[in-house]
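Structure record follows, encoded as structure tokens.
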Amino acid sequence: MTLSTTGVDGYPAARTVLLSLFDGARVHFHTDSRSRKAVELGVDPRATVTVLQLEAARQVVVTGDVAPVTAAEALAAYRARSRYLQLLAWLNDVGTAQLDPGERRARWAAFDAAHPAPLDPPPTWRGYAITPVRVVLWQGDDDGPSTRVAYELDRKSGEWTSERWAG
Ligand SMILES: Cc1cc2nc3c(=O)[nH]c(=O)nc-3n(C[C@H](O)[C@H](O)[C@H](O)COP(=O)(O)O)c2cc1C
């Protein structure tokens with residue numbers, strides 16, 4: 001999914017992240033505490049995620065308030081990731097990014113060999129969950145206009161309302 005935050009310079013910032021989990025109420029994603037997005041969320045803990053299902057002609061856009069997940073939730077998400085992604089969480093740092101491709105691969109191979117499974121998450125592993133305040137569903141139609149329905153949370157009453165949007 002595309003995760004959009006507000007950059008510290010005020011411009012929108014967007015990148016792809018894995019949708020780790022939808023727990024029925026919140027959308028979870030995971031990243032590194034030193035990343036730009038983590039810094040941005042520290043300043044402004046609000047975000048939008050866009051999930052595109054091109055083959056189904058569907059788009060879901062969720063906007064909401066972001067909070068860290070519990071330590072247990074973050075650990076469970078790390079354990080559920082592939083060995084490759086677990087290693088990536090350890091080795092995708094600024095120092096490694098500056099190395100030559102050969103040195104990067106050598107560092108990866110050495111770390112992999114020295115750390116048999118199960119691997120614990122690095123101290124920089126962070127999980128966040130978005131509690132929605134707005135959900136917009138888009139459905140394409142081969143033979144007619146697309147359909148868009150926006151659900152909005154009224155923070156005072158706690159009630160959700162919906163309306164059809166064009167587009
Ligand atoms: C398919 C795909 C999945 C990705 N999943 C994640 C992820 O789950 N977490 C993450 O931190 N970065 C993920 N990335 C890398 C991010 O897009 C991004 O480059 C990185 O997190 C740094 O972003 P930032 O500098 O805006 O913080 C993924 C990239 C791609 C293309």
Side-chain angles (χ1 to χ4, degrees), residues 1-140:
M1 60 186 180
T2 302
L3 168 71
S4 303
T5 48
T6 302
V8 289
D9 58 4
Y11 286 96
R15 77 291 284 162
T16 308
V17 294
L18 293 175
L19 197 175
S20 301
L21 172 76
F22 175 61
D23 65 14
R26 301 172 304 159
V27 178
H28 298 228
F29 61 92
H30 291 79
T31 193
D32 188 295
S33 61
R34 298 161 296 179
S35 66
R36 295 168 74 96
K37 71 182 89 49
V39 172
E40 289 161 0
L41 289 169
V43 175
D44 185 350
R46 296 179 293 179
T48 293
V49 288
T50 306
V51 182
L52 172 66
Q53 270 188 294
L54 205 49
E55 64 287 355
R58 281 187 185 156
Q59 174 184 248
V60 181
V61 183
V62 178
T63 298
D65 299 304
V66 181
V69 301
T70 65
E73 287 172 327
L75 180 62
Y78 186 81
R79 294 258 188 263
R81 290 216 163 172
S82 65
R83 170 80 179 172
Y84 172 83
L85 291 175
Q86 290 181 352
L87 289 168
L88 196 61
W90 276 98
L91 295 162
N92 212 8
D93 54 43
V94 175
T96 308
Q98 309 308 322
L99 298 175
D100 292 334
E103 291 176 311
R104 300 171 70 184
R105 288 219 172 86
R107 189 174 166 218
W108 180 285
F111 187 92
D112 188 9
H115 296 85
L119 199 54
D120 284 326
T124 53
W125 177 251
R126 288 290 181 281
Y128 295 94
I130 305 175
T131 300
V133 297
R134 184 183 309 126
V135 178
V136 183
L137 307 179
W138 182 95
Q139 173 72 66

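In listed order, ligands and their atoms are each counted from 1. Computed from a predicted structure; not experimentally measured.
Side chain of Asp9 to main chain of Tyr11: a donor-acceptor pair is present (N/O by atom type, distance under 3.5 Å, no hydrogens or angles). Listed for the Arg126 side chain is a donor-acceptor partner under 3.5 Å among the backbone atoms of Pro123.
Phe111 pairs by the ring pair (Phe, Tyr, Trp, His ring centres under 6.0 Å) definition with Trp90, His115, not counting sequence neighbours. Annotation: salt bridge (Lys or Arg N to Asp or Glu O under 4.0 Å) contacts of Arg34 (sequence neighbours excluded): Asp32.
Between atom NE2 of residue His30 and atom CG of residue Leu19 there is a gap of 11.0 Å, rounded to the nearest 0.5 Å.
Residue pairs that meet the ring-ring contact (aromatic ring centres under 6.0 Å, His included) test with at least one member in residues 56-82, sequence neighbours left out, are Tyr78-Trp125.
Protein residues with a heavy atom under 4.0 Å from ligand 1 are Arg15, Thr16, Val17, Leu18, His30, Thr31, Ser35, Arg36, Lys37, Arg81.
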